[in-house]
Student: 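Pasting a structure here, questions to come.
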Amino acid sequence: MTSTYETLLTRLQVAFDAVELGADPVLRTSDRGDYQANGVMALAKRLGRAPRDVAVEIVGAAQLDDVADVEIAGPGFLNLTLRSSFLDRQLSSLALDPRLGVTEASSGKRVIIDYSAPNVAKEMHVGHLRSTVIGDALARMYRYAGHEVIARNHVGDWGTNFGMLIEHLLDLGEDRAVATLSIGDLDAFYREARVKFDADDAFKERSRARVVSLQGGDPETLRLWHVLVDESLAYFNEVYTKLDVTLTSSDAVGESYYNDMLEGVVRDLDDAGLLVESEGALCVFPSGFQNREGERLPLIVRKSDDGFGYAASDLAALRDRVTTLHGDELLYVVGAPQVQHLEMVFAVARLAHWLPDAVRCEQVVFGNVLGADHKMFKSRGGETVKLVRLVDEAIERAYVILDERGTDIDGDAKFHLAEQIARAAIKYADLATERQHDYVFDLDRMIAFEGDTGPYLQYAHARLRSIFRRLGEAWQPGNAHFALEAKAERELALGLVGLPEAFNSSLSSLQPHRLCTYLFDVAQRFTSFYDACPVLASEGALREERLALCELTSRTLELGLSVLGIDAPDQM
Ligand code: ARG
C-alpha cells in the first residue's frame, strides 16, 4: 500500500512539476488542517512571482480533490484536510497489512553498524549502554526495512594494557582471576593491575616483557590473553541478554581481529605517500585538523615503540568493512568524545582511496548520561556505575510497581514482566531523547507508567489487549467502515496513518527519537479516544469501527516498540 504521506506528496510533486520542474514540496503533519505543504514560497521567489498566485496555480494543477480539501494560507502554505473517504481507504488497507504501511526496500543495502564496543577487563559504562541501545535499535530498524545488517562489536581487546592484565592474572592465580572476572568485577581487576603497574617497577618490567610476548604470538601468553577475553565477553553477553540486545558472540570482532592487517595498512599508506615520521611515530596528517596553535594534528598509525594503536585498528577495520564485507553504509555508534578521532580516520581512509564516495560512512554521535546532579553519571563512591546493577535495580523497581498496582500476574510471569518493563524504561529513556543531547538518568521518571516513558507505551498497549480479552469472542478485523464521525476517532486515525513516515524519517536521519515521539503521540491520541468513545459499550457498525481502530493502535504500538527493541506485553 502507498502511505498517506506518500500519496499526498506524490500528487503535490506532480502539481509542483507542472508549474516548474525541479521545485519540491515539503510536507509535514500539522494542526492546521491535517498536513501542511510548504515549498511554494521558495518556488515563487525563484520565479519572481507572488507566492499566492503560484499557490493558486499549484492547487489548480493538483489532483488532490479526491484526497483532500486544500486551503491556501498566509504567503502560500497549503493546508490539506483529508477527506474521510480517503482516510477510510487508508485505514482499510492498514487493517490488511501486517507491516502497517512500512515498506520493505526492494534492493536492500548492506549496513555495517559498529556498536556497543566495551573493553576487555573493564567495566561497561553508561556510554556503552547508549551505544548498545541506540545501535541495536538502528540494527532492528534497518533489518525491518529490508536491509542486511552486519553488527560489529569493536571490543577493546588489544593493546599494551594487556601486559599488566596478564601479569595480574598470573599473580592472582588463574582460578581466582577467573572467579573475579566471571562475577563481572572487571573494574576491581583492572584497578588492582593498574595500581601495581604504577607502584612496582618489577611488575612494570614483567608487564612490558609480557606485551612483547603477546605481540610475538607466544602460545602461553595468547592462552592467558584468551582467558581474559573470554571471561569478559561472557560477562558482556550476560548484559546483552538482560537488555535483550541482538548482538551475538559472532558479532564480537574486536581490535585484535585486525592485527594481521596492520602491516598492510602501513604499507598502503606509505605507497600512497601519506605517511610521515614524527617523533619516532608513523603518522598521517589529514588536512582540516589542527590544534589551537594552528598545527596539523597527526593520526598516529604506528607508535614510536613500534606498537600499533587504536587508530590503526580503526583504519584496518574500515578498510575491511569496505573491501571484504562490501558494506554500503558504515555506521559508528560512538560517543561525542570520539568525534575528532573518527573524523580523522574517515579522512585518512578517503585520502588512501579506501572509502568510495558511494559508501555512506557516518558516526552516530550521542551525548552523555548525567546523574541527578547534572554531572557525569557516577556511583556515590565516584566509580563508574555498573550496567548490570542499573538493570537489576530497574527490575526490582518494576516488581515493586507491579505489586503497588495490585497485579494478578504471579510467579515467573511476574518476574518476566518486571524485566520487560525495566528494559523498556531504560531503553526508551535513552532512545526518546535526541541522541546528541545529554540526559539525566532518573529511574523514577523513566519507569513511571505516566508521561513520555517506555512503560506508559507498554501500558497503553496492554490496555488495548485487555479490550480484546474482555471481548471474549475471537474478534476478526473484518471490513469495518471507518466513518470517523467523532473528533477523537479522526484524530486517532490521523495518528495511525503516520507510522510509515515516522519510521522512514527516523531511520534515514538515524534518529530513533522521532519514532519514539510518534509512538507517544499515538498513545496519547488513543487515551483521548478511549476517554471520549466507548468501545465495548457501543453497538453494530460503530463498535466494529472502534474495535478496528483499537486493533490498529495496538499493532502500531507493538510494531513501533519492537523495532526499537522494546517488548509490548499483553498484560500489565
Ligand atoms: N572501545 C571503545 C571505547 O570504549 C569504543 C570503540 C568504538 N568503535 C570504534 N570503531 N572505534 O571507547
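Nothing fancy with the numbering, it's 1 onward along the sequence. As the structure lists them, so they are numbered: ligands from 1, and atoms in each ligand from 1.
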Student: Can you tell me if Tyr310 contacts ligand 1 (heavy atom of the residue under 4.0 Å from the ligand)?
Tutor: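 Yes, that is the case, since the closest heavy atom of the residue is under 4.0 Å from the ligand.
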Student: Does even one non-hydrogen atom of Gln338 get within less than 4.0 Å of ligand 1?
Tutor: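 In this structure, Gln338 qualifies as a contact of ligand 1 - some heavy atom is under 4.0 Å.
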Student: Report yes if some N/O of Asp314 lies less than 3.5 Å from some N/O of ligand 1; otherwise report no.
Tutor: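 Yes: some nitrogen or oxygen of Asp314 is under 3.5 Å from one in ligand 1.
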Student: Hey, can you tell me if Trp225 and Phe162 have their rings parallel, tilted or perpendicular (30° and 60° cut-offs)?
Tutor: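 Aromatic pair Trp225/Phe162 classed perpendicular.
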Student: Can you list the residues that meet the side-chain hydrogen bond (donor to acceptor under 3.5 Å, both in side chains) rule with Tyr235, with sequence neighbours excluded?
Tutor: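 Here the qualifying residues are Glu123.
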Student: Working note: Leu315 + Tyr258, criterion side chain to side chain contact (heavy atoms under 4.5 Å, CB included); need CA distance, chi angles, decisive distance, verdict.
Tutor: CA-CA 9 Å; Leu315 286 170; Tyr258 303 98; over 6 Å; no
Student: Mind checking whether Asp114 has an N or O less than 3.5 Å away from an N or O of ligand 1?
Tutor: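 Yes, since at least one N or O of Asp114 sits under 3.5 Å from an N or O of ligand 1.
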Student: Does the plane of the ring in Tyr310 sit parallel, tilted or perpendicular to the ring in His341? Use 30° and 60° as the thresholds.
Tutor: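 Judged by the thresholds at 30° and 60°, the geometry between Tyr310 and His341 is parallel.
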Student: Check each atom of ligand 1 against the heavy atoms of Val334 and keep those under 4.0 Å away; list them by number with element.
Tutor: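 Within the 4.0 Å cut-off of Val334, ligand 1 contributes 7 (C), 8 (N).
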Student: If the cut-off is 4.0 Å to any non-hydrogen atom of His128, which atoms of ligand 1 fall inside it?
Tutor: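 The list of qualifying atoms is 3 (C), 4 (O).
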Student: Charged N to carboxylate O below 4.0 Å: is that the case for Asp114 and Arg152?
Tutor: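 Result for this pair is no, no salt bridge flagged.
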Student: Under a 4.0 Å heavy-atom limit, does Val155 contact ligand 1 with its side chain, its backbone, both, or neither?
Tutor: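 Answer for Val155: neither.
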